[in-house]
Amino acid sequence: MTPIVSSEVEKEIASSSEAPASYPAGTFRPRVAGLPSLPEAHRTVAFSSGASWFRKVLAFAGPGYLVAVGYMDPGNWATDIQGGSKFAYTLLSVIVISSLMAMFLQALSAKLGIATGRDLAQACRDHYSHRTSMVLWVMCEIAIAACDLAEVLGSAVALKLLFGLPLLAGVLVTALDVLIVLAMQGRGFRLIEAFVVTLIATIAACFAYEIFFAQPLWRDALQGIIPRTEIFRNREMLYIAIGILGATVMPHNLYLHSSIVQTRAFGISVAHRREALRYAVFDSTVALAFALFVNAAILVLGAAAFHTRGLHNVAEISDAYKLLSPVLGVSLASTVFACALLASGQNSTLTGTLAGQIVMEGFLNIRLKPWVRRLITRTLAITPAVLVIGLAGEGKVTALIVLSQVILSFQLPFAMIPLIQFTGDRAKMGTLVNSRVTKIVAWGVAGIILFFNGELLWFIFRG
C-alpha cells in the first residue's frame, strides 16, 4: 500500500519554505510558507497505489466532473442555441475544437497541482511581483463575475419558466446555494462530487429525451464537425463562435482543477505523482468528453428543432422554452428543457463558489472562515446579475449571457499563459515538466485562442 503523507509531514510542509531534505528532487516544491489549497479538503480522499485499476479510477473520479460542469453552464446554452438556430450544425466544429483544447489545458492544470502542491493562484503569487499578481487576480475576478453572471441568470430564468418567479427574486434565491456548499463540504468533499455528478446525469437525461423527439439530421451534424473558413468571414457567426469558445474553455476552471486535484491523498514520490497524474487526466478527459456530448446536444437540438423548421432567430432561452413543446409536439419538452437549465445553473454556481474561494485565498493569501468566504464570493456573483436585471431589463438576459461568454474568452489568456509557463518550468515541475512536444502544443493552443480573439476585435472595431 502506498505510504500517505502523514499529518506531521504536512505540518512541516506548511511551516517551511523548502521541501524536506529526504524528498527526492523534483517531487514536491512548496516555495512559500502557508496552508495548502482548500485546506479543509486537502488530501481528505484516500488513494492507494496498491489498489486495482478500477478502484484507482473511482478514487480519482470527481474533480474532473466538478470542472466539467463549467463547460455545460447556462452560458453554453445561450451560445449553442443561437448557433444552432441561426447556422444549423456549422458551429459543431467549434464545440469539438474548444472541447479538445479544454481537455488539454485541464490536464496541464492537474499536472501543476500534483507536481508542485500549489494551485494556479498560489503559483502566480509565488512567481510574479505583487503588482502583477494583483492584476492577474483582478482579471480572474472579472472572469468569475462574468461566469457567475451567466450561471445566476440561467438559474433565475429556469425558476421563472418553471414557477413564474420574477427574475430578480430568482437571482436572490440562487444565493442560497452558499448554504448547500457549506452543508455538503462539512460532510466531506465526496458528497459535493456526488451531488454534482447527479445533476450532470440529470442534464444528460433531459437532452437525450429532447433529441429523441427532435430527430436531428445526423449526416449534416457529422459534416458540421469539419471546420469551415466561413466562420472567420461571417462576423455574426464568429461572434457566436468566440462565445462558444469562452463558454467552453473556462479561465476559473484552470484555477479550480489545480486545487481540487489535491484533495486526493496520493504519495509524494515522483512515481506516485506520475500515477496520480495519469488517473487525474483520465478523470478530467472522460468528464469533459461528457461535457462535449452535452454541448453538442444543445446545438444539435437548436438546429434540429428550430433551424430545420425555418426558425432561425431563436436568440432567447425563454423563446426556446416556449417553442419546444409546440415544435416537437411533445407536451413535456419545454418542462424538461427548463429542468435541465435549472440543474445546469445550480451545478455551475456550486463550483463557481469553490473557484472564487480558491482564487481569493491563492492570490491574496487570505484565510477566512468558510461561511465568510462563501458569502463574499456569492455576493460578488449576484451583484452584477441584480444590476443587469435592474438596468437592462429581463428582455436582454440571453444577450448578456452571450456577452459574458465573450468576456470570458478575452480573460482566458491571463490564466492560460501562466499555466503553460509554469508547467514548462523545470525548476517548478521537476521531472514532471512538460516535454518539448507538449510545450509546442500548449503554445499552439494559446495562439489559436488569441487568434480567435483578435479576429473578433477586428470585426468589432471595423464596425
Side-chain angles (χ1 to χ4, degrees), residues 1-20 22-24 26-51 55-67 106-107 109-123 126 181-182 184-194 196 255-284 351 354-355 357-359 361-362 365 367 370 373 428-430 432:
M1 181 173 294
T2 301
I4 301 301
V5 180
S6 66
S7 59
E8 290 77 18
V9 173
E10 290 288 3
K11 291 177 182 177
E12 182 178 4
I13 291 172
S15 62
S16 172
S17 62
E18 296 294 332
S22 60
Y23 285 14
T27 58
F28 195 79
R29 296 170 177 264
R31 297 180 56 199
V32 177
L35 292 174
S37 184
L38 278 181
E40 61 268 31
H42 187 70
R43 303 182 68 82
T44 56
V45 180
F47 176 78
S48 173
S49 186
R55 286 187 176 276
K56 292 177 183 177
V57 170
L58 288 181
F60 259 93
Y65 292 91
L66 265 68
V67 169
Q106 293 300 159
S109 178
K111 176 186 278 192
L112 177 69
I114 290 173
T116 67
R118 309 291 281 173
D119 62 49
L120 181 56
Q122 292 173 327
D126 294 350
V181 174
L182 281 174
M184 290 191 298
Q185 191 159 345
R187 296 177 178 270
F189 204 74
R190 275 298 209 184
L191 183 60
I192 294 180
E193 294 173 347
V196 165
Y255 293 93
L256 176 66
H257 201 187
S258 63
S259 174
I260 60 178
V261 75
Q262 298 179 56
T263 59
R264 271 51 184 175
F266 47 83
I268 62 174
S269 70
V270 173
H272 291 149
R273 289 178 183 276
R274 285 189 185 279
E275 180 183 48
L277 179 59
R278 287 198 301 271
Y279 287 101
V281 171
F282 180 82
D283 169 57
S284 63
T351 56
L354 284 174
Q357 173 188 342
I358 291 163
V359 167
E361 292 183 348
N365 199 25
R367 302 290 170 175
R373 291 196 304 263
K428 290 181 173 60
M429 302 292 292
L432 294 179

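Quantities reported herein were computed from a predicted structural model and do not represent experimental measurements.
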| request: Go through the steps for R118 and D126 under the test side chain to side chain contact (heavy atoms under 4.5 Å, CB included), then give the verdict. | output: CA-CA 9 Å; R118 309 291 281 173; D126 294 350; 2.9 Å; yes
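- Taking CZ of F266 as the reference point, atom CZ of R43 lies at 5.5 Å (rounded to 0.5 Å).
- Taking both residues in full, the closest heavy atoms of P36 and Q122 are given as C-NE2, 3.9 Å, listed atom of the first, atom of the second, then distance.
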| message | For a side chain to side chain contact (heavy atoms under 4.5 Å, CB included) check, start with the C-alpha distance between K56 and E275, then their side-chain angles and the critical distance, and finish with the verdict. | response | CA-CA 10 Å; K56 292 177 183 177; E275 180 183 48; 2.7 Å; yes
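- Across every non-hydrogen atom of A59 and V45, the tightest pair is O-CG1, 3.9 Å.
- The heavy-atom pair separating P39 from E361 by the smallest distance is CD-OE1, 4.1 Å.
- The distance from atom OH of Y279 to atom CG of L58, rounded to the nearest 0.5 Å, is 11.0 Å.
- Proximity of E193 to P63: side-chain heavy atoms (C-beta onward) are separated by under 4.5 Å at one or more points.
- Inspection of the S37 and D119 side chains reveals an N or O donor paired with an N or O acceptor under 3.5 Å.
- S284 approaches H257 most closely through the heavy-atom pair CB-CE1, 3.4 Å.
- Taking CD1 from I358 and CD from Q262, the interatomic distance works out to 9.5 Å, rounded to the nearest 0.5 Å.
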| field | Trace of the side chain to side chain contact (heavy atoms under 4.5 Å, CB included) decision for M429 with L112 | value | CA-CA 7 Å; M429 302 292 292; L112 177 69; 4.1 Å; yes
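- Nearest heavy atom pair, residue A121 against residue Y255, reads N-CD2, 3.4 Å.
- Separation of atoms OG1 (T116) and NZ (K111) is listed at 12.0 Å; rounding is to 0.5 Å.
- Heavy-atom minimum distance, L256 versus L66: CD2-O, 4.1 Å.
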| request: Show the numbers, then the answer: is there a side chain to side chain contact (heavy atoms under 4.5 Å, CB included) between R273 and L432? | output: CA-CA 9 Å; R273 289 178 183 276; L432 294 179; 4.0 Å; yes
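- In this view, F60 and F47 satisfy the ring pair (Phe, Tyr, Trp, His ring centres under 6.0 Å) rule, not counting sequence neighbours.
- To the nearest 0.5 angstrom, L354 atom CG is 8.5 Å from S259 atom OG.
- Residue V67 is tested with I260, D283, V261 for a side chain to side chain contact (heavy atoms under 4.5 Å, CB included); the sole match is I260.
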